[in-house]
A.B. asks: 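Quick one: structure below, then a few questions.
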Amino acid sequence: MSQNNPHPIIKNARILTAALVGTSVEFYDFYIFATATALVFGPMFFPEAAPGRQLLLAFMSLGIAFVARPVGAIAFGHFGDKIGRKSTLVASLILMGGSTLAVGFLPSYAQAGVLAPILLCVCRFGQGFGLGGEWGGAALLAVENAPRGWEARFGCAPQLGAPVGFLAANGLFLVLGLVMPEADFKAWGWRIPFLLSVVLVGVGLWVRLKITETAAFAEARAHEKPPEVPLGLLLSQHWKPLIAGSAGVVSCFSLFYLCTAFALAQGTGPLHYPRTGFMVAQLAANLMLAAGIGFAAVWSDRFGSGRILAWGASLGAVIGAVYWAGLSSGSLVIVFITLSAALFAMGMAYGPLSGWLSGLFPVEVRYSGISMAFNAGGIIGGALTPVLAQGLIEKGHGNWIGIIPAVAGVVTLIGIGWTRRLKVK
């Protein structure tokens with residue numbers, strides 16, 4: 001590319017960086033909660049339950065965010081479609097960061113009794129509420145500024161925030177586990193990642209305050225007023241792609257939470273892998289998530305986002321059949337291979353979502369539409385998966401865990417098929 005005609009990525013570097021950095025911060029906040037859930041929150045906030053029950057209750061607190069996310073999607077989607085993407089993204093980041101910081105100051109059950117888990121759930125709701133508005137805005141920030149034919153590749157910028165945030169979150173927990181005695185880590189060391197989130201949120205705000213409104217939104221507002229109630233227009237005229245889009249998201253969430261919070265809890269708990277070794281394997285496998293996202297983005301612009309999404313969901317369903325056997329093999333090498341394969345499939349199902357979901361809705365309801373679809377699908381795939389999987393473990397049916405990503409894959413394929421019947425891209 002000549003200097004007068006720079007490469008599209010170079011030309012839009014600030015926009016893509018804002019999408020990536022913001023979602024990296026958001027997902028860092030989200031994942032440190034998931035990691036602490038697997039390692040600490042059971043005995044810290046639910047000590048009166050049996051060990052297995054503690055973990056189940058902790059996972060239920062993790063799932064609260066998935067109930068909050070659609071609520072946040074409605075609220076932030078309304079303002080994102082009425083006043084713009086930029087200011088809405090700033091507000092979502094502040095709410096998410098404040099809720100995360102508050103977790104670092106929470107009292108334990110021993111200090112505050114039943115108030116402690118209640119406050120934990122309130123903070124988790126705040127995290128989910130903020131993230132409900134975050135992802136949709138970041139996706140539109142990238143996709144609505146993309147040149148024609150580059151939608152999926154631009155759309156992978158916020159998607160890459162997931163592996164980046166996960167690497168930062170679990171990497172920090174790994175370092176703390178290496179340098180701190182176990183007793184100190186469980187007593188107070190786990191709070192450090194939550195307190196450090198304030199620095200990352202500051203960086204995210206600094207980047208986002210320097211960007212302008214998306215080209216597509218600015219053009220739409222120049223020609224017509226925004227709808228008075230975007231949600232009403234969405235539900236009355238675009239409910240079919242909303243349901244189909246929600247179904248299309250299920251597979252990636254199911255795969256991800258099987259490979260992160262659930263895998264970490266089982267690997268460092270009942271399966272008795274050394275915590276450091278397991279977290280290293282998990283962090284290394286996370287690189288395959290980034291690889292899957294990049295692979296999907298490139299091929300989605302060539303063959304269509306829906307087709308690549310279908311490939312990822314199908315591959316995830318197949319890998320799910322051997323997931324528990326690999327995780328419980330007793331070999332960290334096999335664990336790494338299993339997690340790598342599952343996370344690559346998840347990347348293929350996650351990478352196309354920004355471009356695919358954006359194509360389902362017109363500009364005037366797009367923020368609301370993709371945010372609600374993404375987060376409604378997250379309730380099914382993300383909130384239910386670790387709880388169902390833990391329930392199967394409690395009943396001694398670990399080998400049946402593969403049914404979860406298989407069913408999730410089928411749901412996603414049904415959603416993709418429906419959008420094709422609706423003649424949506």
Side-chain angles (χ1 to χ4, degrees), residues 27-65 99-111 116-117 119-121 123-124 127 165-197 256-286 327-328 332 335-336 339 343 382-383 385-387 389-390 393-394:
F27 280 105
Y28 166 85
D29 288 356
F30 209 69
Y31 298 151
I32 57 175
F33 195 104
T35 303
T37 296
L39 298 178
V40 177
F41 283 173
M44 176 69 64
F45 293 100
F46 307 100
E48 295 187 351
R53 197 72 177 173
Q54 287 178 2
L55 189 57
L56 182 60
L57 290 170
F59 276 136
M60 290 177 69
S61 71
L62 179 71
I64 287 174
S99 299
T100 302
L101 180 64
V103 174
F105 293 100
L106 289 182
S108 67
Y109 189 94
Q111 296 170 318
L119 290 175
L120 178 70
C121 292
C123 290
R124 185 57 173 171
Q127 278 192 321
F166 179 78
L167 285 169
N170 274 31
L172 182 53
F173 271 106
L174 176 61
V175 170
L176 291 174
L178 290 173
V179 302
M180 297 182 67
E182 182 77 9
D184 288 346
F185 173 80
K186 290 186 175 180
W188 58 269
W190 64 269
R191 300 177 185 271
I192 294 175
F194 292 90
L195 300 178
L196 289 179
S197 68
F256 188 75
Y257 280 90
L258 276 180
C259 296
T260 53
F262 173 78
L264 183 61
Q266 293 300 314
T268 59
L271 297 178
H272 303 296
Y273 292 105
R275 187 174 75 184
T276 299
F278 192 90
M279 293 187 74
V280 168
Q282 199 174 41
L283 284 170
N286 188 63
L327 190 67
S328 61
L332 283 175
V335 168
F336 167 73
L339 294 178
L343 285 171
T385 290
V387 174
Q390 182 63 27
I393 293 297
E394 289 292 304

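One is the number of the first residue; the rest follow in order along the sequence.
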A.B. asks: Please give me the minimum heavy-atom distance between Met279 and Thr35, naming the atom from each residue.
C.D. replies: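 Looks like CE-CG2, 4.5 Å.
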A.B. asks: Out of the candidates Leu196, Ile32, Leu167, only one should pair with Leu172 under the side-chain contact (heavy atoms from CB on, under 4.5 Å) rule; please name it.
C.D. replies: Leu196
A.B. asks: Nearest heavy-atom pair of Ser197 and Thr100: which atoms, and what distance?
C.D. replies: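 Taking Ser197 first and Thr100 second, the nearest heavy atoms are OG-CG2, 3.6 Å.
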A.B. asks: Taking only residues two or more places apart in sequence or in another chain, which ones pass side chain to side chain contact (heavy atoms under 4.5 Å, CB included) with Leu195?
C.D. replies: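 Expected list: Leu101, Phe105.
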A.B. asks: If I compare all heavy atoms of Lys186 with all of Val40, which pair ends up nearest, and what's the gap?
C.D. replies: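 Residues Lys186 and Val40, closest heavy atoms: O-CG1, 4.2 Å.
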A.B. asks: Quick check, are the ring centers of Phe173 and Tyr31 under 6.0 angstrom apart?
C.D. replies: no
A.B. asks: Which atom pair, heavy atoms only, marks the closest approach of Ala389 to Leu258?
C.D. replies: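 Residues Ala389 and Leu258, closest heavy atoms: CB-CD2, 3.9 Å.
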A.B. asks: For the residue pair Phe46 and Pro117, what are the closest heavy atoms and their distance?
C.D. replies: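 So the minimum-distance heavy-atom pair works out to CE2-CB, 3.7 Å.
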A.B. asks: Has Arg124 got its NZ or CZ under 6.0 Å from the middle of the six-membered ring of Phe41, at an angle within 45 degrees of the ring axis?
C.D. replies: no
A.B. asks: Nearest 0.5 Å, please: how far is OH in Tyr28 from CZ in Phe194?
C.D. replies: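 Spacing of CZ (Phe194) from OH (Tyr28) equals 8.0 Å.
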A.B. asks: Take Thr37 and Phe45 through the side chain to side chain contact (heavy atoms under 4.5 Å, CB included) test and state the conclusion after the steps.
C.D. replies: CA-CA 10 Å; Thr37 296; Phe45 293 100; over 6 Å; no
A.B. asks: To the nearest 0.5 Å, tell me how far Leu178 CG sits from Phe185 CZ.
C.D. replies: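 The CZ atom of Phe185 is 10.5 Å from CG of Leu178, to the nearest 0.5 Å.
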A.B. asks: Supply the atom-to-atom distance Gln266 CD to Ile393 CD1, rounded to the nearest 0.5 angstrom.
C.D. replies: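 Going from CD on Gln266 over to CD1 on Ile393, the span is 4.5 Å.
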A.B. asks: Check Ser108 against Met44 and note the closest heavy-atom contact, atom names and distance.
C.D. replies: CB-SD, 3.2 Å
A.B. asks: Taking only residues two or more places apart in sequence, or in another chain, which ones meet Ser99 in a side-chain hydrogen bond (donor to acceptor under 3.5 Å, both in side chains)?
C.D. replies: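 Listed in chain order: nothing, the list is empty.
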A.B. asks: Run the side chain to side chain contact (heavy atoms under 4.5 Å, CB included) check on Leu271 and Phe278 step by step: do they pass?
C.D. replies: CA-CA 11 Å; Leu271 297 178; Phe278 192 90; 5.9 Å; no
A.B. asks: Between Gln390 (side chain only) and Val387 (backbone N and O only), is there a donor and an acceptor less than 3.5 Å apart?
C.D. replies: no
A.B. asks: Going from CG on Leu339 to OG1 on Thr260, what distance comes out if it is rounded to the nearest 0.5 angstrom?
C.D. replies: 9.5 Å
